[in-house]
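Being a predicted model, the structure only gives us computed values, none of them experimental.
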Amino acid sequence: MDAANLDVVISGGGPAGMMLAWLLVRQGLQVRVLEKHHDFLRDFRGDTVHPSTLDVLDALGAGEAFARVPHDEVRELQAQIGDQRFTVADFSRLPGKHHAIWLVPQWDLLDFVADRIREIDADAVCLDTEVVDLVRDGGRVVGVRAVRDGQPLELRAQLVVGADGRGSVLRERLGWKVRSFGAPMDVLWFRLPKGDTDPPSSMFQARHGRILVMLDRTDYWQIAFLVAKGGADRVRAEGLEPFREAILDAVPAFDEAQVDAIASWDAVKTLEVRIDRLDRWWDEGVLLIGDAAHAMSPIGGVGINLAVQDAVAAGRI
């Protein structure tokens, strides 16, 4: 990996880091985005791509190509509360070209952006490369220390960007404290096979005090089952069968064969919901963006899109 004369090193290959890398390599800057995993395939990431992000892709000349990525378009947001169904949002009223939220697995979005980056600079996206520390010169951040293939690596750059998520290593190394606003819920995240009597589209369900969100991923449902903050351990302790029964109670359209696909707790991820932000997210030679600077509530699927907005703002500056 050529570490000479880098303009920007970005820690983290999520939406914020990848979009910023794309914008900067388009400007001719020497950029390395360092992602600790060997690919982008993490099933517990968000899926919602809002019109604001689609507008950015259009402005970059990539909108038509992205439209060929498999996706589900949500033009209305439906909610079923008890036995009554409501339309709670109508995206046809939005200004501009796009009048739908697209449900796109985040790994497909990131692969798409990575391919565009590599078309400009084949070396800019560095997978299997974990940032572990900062390099300083006096009071200024001048680079990062990382590990790749078990070997230590040091990269220096004019600017280091931390886009390494809510558990940001760079934020911890900087010693910056986040202001937490609390959240009343966590999420159990799992998938179910499609069935013959399923609801017609992605939707919000609330019944008998249970709340879940169903995302249509064409071949299966991705489900977010809301539990009280810190309540995931209690749900697991009660056992799989009561959990399956709770799903059936919340969505009577499902059948037992579908919920029996949850064969063990290994199929259920616990997502800790956080809402927090830094009071200051920059210092000499370093900038934090995305969840590293402000972890967002998943309500409305805003996380990806605010991360992209961070990247656009940083790229312009």
So, using side-chain contact (heavy atoms from CB on, under 4.5 Å) as the criterion, who are the partners of L134 when residues are at least two apart? R136, V141, V144, V160, L170, R173, L174
So, for L306 and H294, which heavy atoms are closest and what is the spacing to 0.1 Å? CB-CE1, 4.4 Å
Are V142 and L24 connected in the hydrophobic side-chain network, where two residues link if heavy atoms are under 4.5 Å apart? no
Check: F243 ring centroid to F190 ring centroid under 6.0 Å: yes
Looking at CD1 of I211 and CZ of R207, how far apart are the two atoms once the value is rounded to the nearest 0.5 Å? 14.0 Å
Is the closest basic N to carboxylate O distance between R148 and D128 below 4.0 Å? no
Looking only at side-chain N and O atoms, does Q78 offer a donor or acceptor that is under 3.5 Å from a partner on Q80? no
Are R277 and S180 close enough that a side-chain donor and a side-chain acceptor fall under 3.5 Å? no
Side chain to side chain, H71 and W102, heavy atoms closer than 4.5 Å: yes
Would you name the heavy atoms of I10 and A163 that are closest together and state the gap between them? CG2-CB, 4.2 Å
Residue pair A79 / M203: nearest heavy atoms and the distance that separates them: C-CE, 4.2 Å
Does R93, at its CZ atom, have more than 12 non-hydrogen atoms belonging to other residues, nucleotides or ligands within less than 6.0 Å? no
Please determine, by modelled atom types, if H99 and D90 share a side-chain donor-acceptor pair under 3.5 angstrom. no
Above 12 or not: heavy atoms from other molecules or residues under 6.0 Å from CD of E64? no
Indicate yes or no: does D55 engage K97 in a salt bridge with an N to O separation below 4.0 Å. no
Given side chains that start at C-beta, do those of F66 and V104 come closer than 4.5 Å, heavy atoms only? yes
Kindly indicate whether a cation-pi arrangement holds for R191 with Y220, taking the cut-offs as under 6.0 Å to the six-membered ring centre and within 45° of the axis. yes
Could you walk me through whether R156 and V135 pass side-chain contact (heavy atoms from CB on, under 4.5 Å), step by step? CA-CA 8 Å; R156 297 202 172 211; V135 180; 3.5 Å; yes
For D149 and Q151, indicate whether the former's side chain and the latter's backbone hold a donor-acceptor pair under 3.5 Å. no
Could you tell me whether the side chain of E35 and the main chain of G13 form a donor-acceptor pair under 3.5 Å? yes
Go through the steps to decide whether R32 and D121 satisfy the test side-chain contact (heavy atoms from CB on, under 4.5 Å), and finish with yes or no. CA-CA 10 Å; R32 295 292 181 270; D121 183 346; 3.5 Å; yes
Correct closest heavy-atom pair for A250 and R210 would be CB-CB, 4.1 Å
Single-linkage hydrophobic cluster V56~V302, side-chain heavy atoms < 4.5 angstrom: no
Any chance you could measure L153, atom CG, to L34, atom CG, to the nearest 0.5 Å? 7.5 Å
Spacing of CG belonging to L288 relative to CG belonging to D164, to within rounding of 0.5 Å: 7.0 Å
As an exercise, state the distance from CG of L23 to CE of M18, rounded to the nearest 0.5 Å. 11.5 Å
N/O donor-acceptor pair under 3.5 Å between S264 side chain and D266 backbone: yes
Would you mind reporting whether L188 and L226 have side-chain heavy atoms less than 4.5 Å apart? no
What pair of heavy atoms forms the shortest contact from Q258 to A253, and how long is it? OE1-O, 4.3 Å
Under a single-linkage definition using a 4.5 Å side-chain heavy-atom cutoff for Ile, Leu, Val, Met, Phe, Trp and Tyr, are V235 and L192 assigned to the same hydrophobic cluster? yes
Cation-pi check for F112 against R116: NZ or CZ below 6.0 Å from the six-membered ring centre and within 45 degrees of the axis, yes or no? yes
If you draw a 6.0 Å radius around CH2 in W265, do more than 12 non-hydrogen atoms from other residues or ligands fall strictly inside? yes
Mark yes or no for whether R280, through its side chain, and W282, through its backbone, hold a donor-acceptor pair below 3.5 Å. yes
Would you find more than 12 non-hydrogen atoms of other residues, nucleotides or ligands less than 6.0 Å from Q84 atom CD? no
Before accepting this row, confirm whether a basic side-chain N of the pair K194/D219 lies closer than 4.0 Å to the acidic partner's carboxylate O. no
Sequence neighbours excluded - salt bridge (charged side-chain N to carboxylate O under 4.0 Å, His left out) pairs with any residue from residues 221-235: D186-K229, R234-E238
Within the 4.5 Å heavy-atom criterion, are N305 and S52 side-chain neighbours or not? yes
Do V69 and V49 sit in one hydrophobic cluster, given that two such residues count as connected whenever their side-chain heavy atoms are within less than 4.5 Å of each other, even indirectly? yes
So V178 and W176, do their side chains get closer than 4.5 Å, heavy atoms only? no
T129 and V131, any side-chain heavy atoms less than 4.5 Å apart: no
Nearest 0.5 Å please: distance from the CD1 atom of I101 over to the CG atom of D72. 11.0 Å
Tell me, with the steps shown, if L77 and T87 meet side-chain contact (heavy atoms from CB on, under 4.5 Å). CA-CA 6 Å; L77 184 60; T87 299; over 6 Å; no
Is there a side-chain contact between R244 and D260 (heavy atoms, below 4.5 Å)? yes
List the steps and the verdict of side chain to side chain donor-acceptor pair (under 3.5 Å) for Q158 and D7. CA-CA 5 Å; Q158 295 184 52; D7 294 301; 3.1 Å; yes
Can you tell me if D196 has over 12 outside heavy atoms packed within less than 6.0 Å of its CG? no
Are V213 and I223 packed together at the side-chain level, in the sense that at least one heavy-atom pair is separated by less than 4.5 angstrom? no
Salt-bridge criterion met for R118 and D111 (N-O under 4.0 Å): no
According to a 4.5 Å side-chain heavy-atom criterion applied to Ile, Leu, Val, Met, Phe, Trp and Tyr, with indirect links allowed, do L60 and V31 form part of one hydrophobic cluster? yes
At what distance, to the nearest 0.5 angstrom, does CH2 of W281 lie from CG of D310? 9.0 Å
side-chain contact (heavy atoms from CB on, under 4.5 Å) between E73 and F91: does it pass, once the steps are laid out? CA-CA 10 Å; E73 296 189 16; F91 302 117; over 6 Å; no
Might you confirm whether atom CD of E256 has over 12 heavy atoms from other residues, nucleotides or ligands at distances under 6.0 Å? no
Heavy-atom pair with the smallest gap, counting every atom of I117 and A21: CD1-CB, 3.8 Å
Is it true that a side-chain atom of T53 and a backbone atom of P51 form a donor plus acceptor pair closer than 3.5 Å? no
How about H98 and D58: does a side-chain donor come under 3.5 Å of a side-chain acceptor? yes
Using a distance-only test with no angle check, is there a side-chain donor-acceptor pair under 3.5 angstrom linking D198 and W221? yes
Apply the test side chain to side chain donor-acceptor pair (under 3.5 Å) to residues R236 and T270: give CA-CA distance (whole Å), side-chain angles for both, the deciding distance (0.1 Å), then the verdict. CA-CA 10 Å; R236 290 174 183 271; T270 300; 3.1 Å; yes
